[in-house]
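Take a look at the structure below.
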Amino acid sequence: MKTERKIIGFGSLFGWYFRSNLLLRISAGLILGALAGLLLGDSILFIKPFGDLFVKLLKMIVVPVIFFSLITGSASIDPSRLGRVGVKIFVYYMITSAFAVAIGLLFAYMMNPGANLTLDSAMASSSSMAPARGAPGFMSIFMSLFPSNPFESLAKAEVLPVIFFSCIFGIALAHLQHSEDPKIASNAATLFKVCEGAAEAIYKLVGWILEYAPIGVFSLIAVVFAQQGLKVAGPLGHMAVAVYLALATQLLVYGLFLMSARLSFTHFLSGAREAIITAFVSRSSNGTLPVSMRNMENLGVPRAISSFTLPLGATINMNGTAIYLGISAYFISNLVGTPLSVNQMLVVILTSTLAAVGTAGIPGSGAIMLIMVLDSIGMPLSEGGAVAAAYGMILGIDAILDMGRTSMNVAGDLVGTALVAKSEGELDLSKWKK
Ligand code: ASP
């Protein structure tokens, strides 16, 4: 009884915290953390463990997130529908994702966010994860994709082999679900449901961990500002501008794609604006799906095509996220004082493209995938390290970045859908005339 009362007391004491908007709380954590760090200086350093705890919680979920969401992502590609339309949309999604990371890296290269700042050397050296100096050659990166023992790779959190294994496992599962032998098909369907359930449970955990994010962000940022002062604010704004410019460029690339198929870009924008705006405010491709479907119908795409390509796109095609991943990796590597080598950039393109497949279409999931991309280039997050401090900085403005990247994620799905419908001769062109 006593305990129960205590719990109720705890709930009402912190009720305001859980009831208030998470985005506002995270932004408040960023601003208050910066102020506390600036005003209190070294005397605030005692809160460092609260930031470290946040980093540990994030690390805890990374491998399960990759494993289960990539399995469910790749198993959702129905092989029986992977006919011409499927192949076309899949190829489009993969190419535009890789293209998007490259655009992101190009903007990062041109604008070089974070170049004038190296997070405190004490921090950098306390990190056990300074990127490997002699970056490995392309062939050895390629070979490291293949696990000799997937369970060992999972246990050691080796990102590339885990991605590879989860993808092919998912594809195998997709095939088995359509087996002629009903027993095999039903076993596979059960296993798919288990993985889907596990992915959902992990995302529930992500949600809970994010409830702690305001405190984690506050502590990480306070420590950064206490040690570095105001000079970190500029690079963060610089990075956000780089992301938005790259997203705008991606939109122009879509325009070129449409024009090359003789479809009007402005007409597309006016037909798809509801979905793009909904994605911006909801920060969720999944949540935007009903609006995306409606917009595509208004643009003359038959349901038979959009009901396949749009949900698939909301699951595996995240061009905006891919851009964000590329720029963030570049920014963080600058902040820790070891700019990306060419080989590391190639790895970023590869892992970000795959990470975009594994990113769930819900708010904030791209930020979790960033941990995996950082891992793949030898910059794992670790408590008290410079990578964790830099990551905390980005997370502080994640909501702003997520709005832009989600609208480009959705725009990419819509453009791909229109292009595939046109190439199949199934687009109602009368809807594209004024
Ligand atoms: N919020 C994004 C989406 O739903 C995913 C991300 O966080 O990058 O598309």
Side-chain angles (χ1 to χ4, degrees), residues 22-23 26-27 58 61-62 65-66 68-70 72-73 76 93 96-98 100-101 103-104 199-200 202-207 209-210 213 217 239-240 242-244 246-247 250-251 254 272 274-293 295 309-329 331-332 348 351-374 391 394-417:
L22 178 62
L23 273 188
I26 295 183
S27 314
L58 287 172
I61 45 160
V62 166
V65 165
I66 306 173
F68 291 114
S69 49
L70 273 181
T72 38
S76 11
Y93 284 160
T96 48
S97 297
V101 200
I103 289 182
E200 272 159 21
I202 295 291
Y203 274 105
K204 188 81 199 160
L205 274 185
V206 171
I209 292 171
L210 285 181
V217 166
M239 186 261 176
V243 169
Y244 269 85
L247 291 172
Q250 179 75 7
L251 189 61
Y254 294 146
E274 263 176 23
I276 295 177
I277 294 171
T278 309
F280 190 83
V281 292
S282 70
R283 302 186 297 125
S284 164
S285 312
N286 281 353
T288 308
L289 258 180
V291 188
S292 305
M293 302 286 273
N295 280 183
T309 59
L310 289 179
L312 182 65
T315 314
I316 70 164
N317 182 45
M318 305 278 175
N319 297 166
T321 302
I323 286 178
Y324 151 87
L325 291 172
I327 298 185
S328 304
F331 176 69
I332 292 179
V348 170
T351 43
S352 301
T353 306
L354 293 168
V357 176
T359 306
I362 56 172
S365 60
I368 306 291
M369 287 297 164
L370 177 58
I371 304 178
M372 159 192 132
V373 174
L374 292 172
Y391 180 80
I394 294 188
L395 208 60
I397 56 163
D398 190 59
I400 299 168
L401 304 176
D402 198 6
M403 289 173 166
R405 67 178 189 250
T406 308
S407 24
M408 269 327 102
N409 289 346
V410 168
D413 302 342
L414 299 178
V415 170
T417 300

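Residue numbers count from 1 along this sequence. Indexing begins at 1, ligand by ligand and atom by atom, following the structure's order.
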Show the atoms of ligand 1 that are less than 4.0 angstrom away from any heavy atom in Ile362.
1 (N), 2 (C), 4 (O), 5 (C), 7 (O)
Show the atoms of ligand 1 that are less than 4.0 angstrom away from any heavy atom in Met318.
9 (O)
Starting from atom 3 (C) of ligand 1, find the nearest protein heavy-atom neighbour and note its residue, name and distance.
Ser285 OG, 3.2 Å
Within ligand 1, which atoms have a heavy atom of Ser365 less than 4.0 Å away?
5 (C), 6 (C), 7 (O)
Is there a donor-acceptor pair closer than 3.5 Å between any side-chain N or O of Ser97 and the backbone N or O of Asn319?
no
Taking only heavy atoms of Gly361, which atoms of ligand 1 are found under 4.0 Å from at least one of them?
3 (C), 4 (O)
Looking at Tyr391 and Ala367, would you say the former's side chain and the latter's main chain have a donor-acceptor pair under 3.5 Å?
yes
Please check this pair: side chain of Asn286 against backbone of Ile362, looking for a donor-acceptor N/O pair closer than 3.5 Å.
no
Residue pair Ile327 / Gly104: nearest heavy atoms and the distance that separates them
CG1-O, 3.2 Å
Name of the residue among Leu370, Val101, Thr359 meeting side chain to side chain contact (heavy atoms under 4.5 Å, CB included) with Thr321
Thr359
In chain order, what residues pass the side-chain contact (heavy atoms from CB on, under 4.5 Å) check against Ser292, with sequence neighbours excluded?
Ala275, Thr288, Leu310, Val410, Leu414
min-distance protein heavy atom vs atom 2 (C) of ligand 1 -> Thr406 OG1, 3.2 Å
Please confirm whether Arg405 comes within less than 3.5 Å of ligand 1 when only nitrogen or oxygen atoms on both sides are compared.
yes
What are the atoms of ligand 1, with element, lying closer than 4.0 Å to any heavy atom of Thr321?
5 (C), 6 (C), 8 (O)
Pick one: which of Thr406, Asp398, Asp402 meets side-chain hydrogen bond (donor to acceptor under 3.5 Å, both in side chains) with Arg283?
Asp402
Identity and distance of the protein heavy atom lying nearest atom 7 (O) of ligand 1
Gly366 N, 2.7 Å
